[in-house]
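Contents: one structure, followed by commentary.
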Amino acid sequence: MPELPEVETIRRGLEPLIVNKVFTRPVLLFPGSIRYPEPDRFCEQLEGRRIIALKRHGKYLLLELNCGLLAVHLRMTGRLVYLEKGGPPSGHLRVVLPFQDGSLLYFSDMRKFGGLWLLDNKEDLSPAGMHRLGPDIYEQVTEEEFLELLQKRPRSRLKPLLLDQFFVAGLGNIYVDESLHRCRLHPCREAGSLSREEGKALFRAIREVLEEGIRCGGTTSRDYRDARGEKGTFQEQLAVYGRKGSPCRCGTAIERIVVAGRGTYYCPRCQAEKRGDGRQ
DNA sequence: GCTTACCTGTCG
DNA sequence: CGACAGGTAAGC
């Protein structure tokens with residue numbers, strides 16, 4: 001569920017609430033959410049560590065500690081919520097991370113896909129598989145670099161390419177569909193078939209869509225909540241995602257196809273597939 | 001590439 | 001009941 005704008009919203013909301021707080025011993029209701037190291041060692045090692053800063057790379061939220069790093073990935077249904085006082089709601093509660101001052105963070109996750117990694121060394125992200133991630137599409141890629149990246153994968157179709165976290169990190173199904181619609185590119189266009197202008201338009205569309213997503217506090221189609229448990233509002237701005245059969249702004253009905261195994265929404269008129277000689 | 005698997009839930 | 005769900009890893 002959460003893509004870059006949702007994770008960034010959580011990061012911004014959480015940072016002022018938890019920086020400088022010190023963890024006490026975690027409570028694991030579902031130890032499977034702890035991905036590294038072993039759950040027992042995770043609990044031992046987290047206790048007493050202080051939060052220095054909150055960072056983000058792609059869809060990973062990174063809590064920098066006085067020693068090491070706590071990485072969190074929410075996958076589809078994960079939530080990371082701060083509570084000043086009181087106990088967390090019992091529904092799908094997986095991990096409770098209490099602080100010394102009595103406040104806490106809780107991680108809930110209906111589908112159990114999400115996870116937490118406690119890394120000893122900020123420089124070695126390999127236990128979380130993060131060392132292979134591409135650059136963060138929002139923070140670490142310029143327009144020129146994006147054009148160069150597209151040229152490296154000329155035969156890849158845009159939709160699977162943009163979803164590939166090893167290509168660029170942060171985009172998911174919603175924001176890819178919205179970005180492609182905004183710059184009027186068909187999801188099955190090959191990266192190498194784009195003109196320079198089309199490549200630039202794609203980059204700008206991605207930037208704009210992510211920017212607006214962040215400004216709206218993310219998209220809540222069902223599960224997503226921010227650091228205080230509140231919903232986002234970008235779902236009200238979606239042009240194509242989840243809108244099969246509804247009219248595009250051009251009046252044509254939005255279609256749903258499957259690309260790379262993912263439901264893909266687009267406007268067959270605005271995003272017409274150019275024909276096969278690869279030049280247009 | 002594609003498919004399947006991981007899980008649990010909602011919707012038609 | 002089957003299809004689908006914002007993500008990703010593994011296995012062809």
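Bear in mind the structure is a predicted one, so any value in this text is a computation, not a measurement. Heavy-atom basis, side chains included; hydrogens, waters and symmetry copies ignored. Order of the sequence lines sets the chain letters (A, B, ...), proteins ahead of strands, with each chain counted from 1.
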Classify the nucleic acid contact of R256(A) as base, sugar-phosphate or nothing, counting any heavy atom under 4.0 Å across all strands shown. sugar-phosphate
Salt-bridge test for D164(A) and R132(A): reply yes if a basic N is under 4.0 Å from a carboxylate O, no otherwise. no
For atom P, what is the distance between dG12(B) and dG6(C), given to the nearest Å? 16 Å
Re dA5(B): Watson-Crick or G-U wobble partner, both distances kept under 3.5 Å, found to be dT8(C)
Under 4.0 Å, heavy atoms only, any strand: does G172(A) hit a base, just the sugar-phosphate, or nothing? sugar-phosphate
For the C1' atoms, the ones on dC1(C) and on dC6(B), what distance do you get once it is rounded to whole angstrom? 22 Å
Write out a two-atom table: protein N or O, nucleotide N or O from nucleotides 9-12 of chain B, distance below 3.5 Å.
unit_1, atom_1, unit_2, atom_2, d
dG9(B), OP1, H92(A), NE2, 3.0
dT10(B), O4', R222(A), NH2, 3.4
dT10(B), O3', R222(A), NH2, 3.1

K159(A) and D177(A) ion-paired at < 4.0 Å: yes
Is the base of dG6(C) touched by the side chain of S221(A) through a donor-acceptor pair closer than 3.5 angstrom? yes
Students often get this wrong, so: under 4.0 angstrom with heavy atoms, is R262(A) touching a base, only sugar-phosphate, or nothing? base
Interatomic distance, K59(A) NZ vs dT8(C) P [rounded to whole Å]: 4 Å
When rounded to the nearest 0.5 angstrom, what distance separates CD1 in I137(A) from CG in L162(A)? 7.5 Å
Give one of base, sugar-phosphate or nothing for F167(A), where a contact means two heavy atoms less than 4.0 Å apart. nothing
Could you tell me whether F30(A) contacts a base, only the sugar-phosphate backbone, or nothing, with contacts defined as non-hydrogen atoms closer than 4.0 Å? nothing
In whole angstrom, what separates H131(A)'s NE2 from dA9(C)'s P? 10 Å
Using whole Å, what does the distance between atom P of nucleotide dG7(C) and atom OH of Y175(A) come to? 10 Å
If I pick the P atom on dT10(B) and the same atom on dT8(C), what distance separates them, to the nearest angstrom? 23 Å
Taking atom C1' in both dG9(B) and dA9(C), what distance in whole Å separates the two? 22 Å
For S156(A), answer base if it contacts any base atom (sugar-phosphate contacts may also be present), sugar-phosphate if it contacts only those atoms, and nothing otherwise; contact means non-hydrogen atoms under 4.0 Å. sugar-phosphate
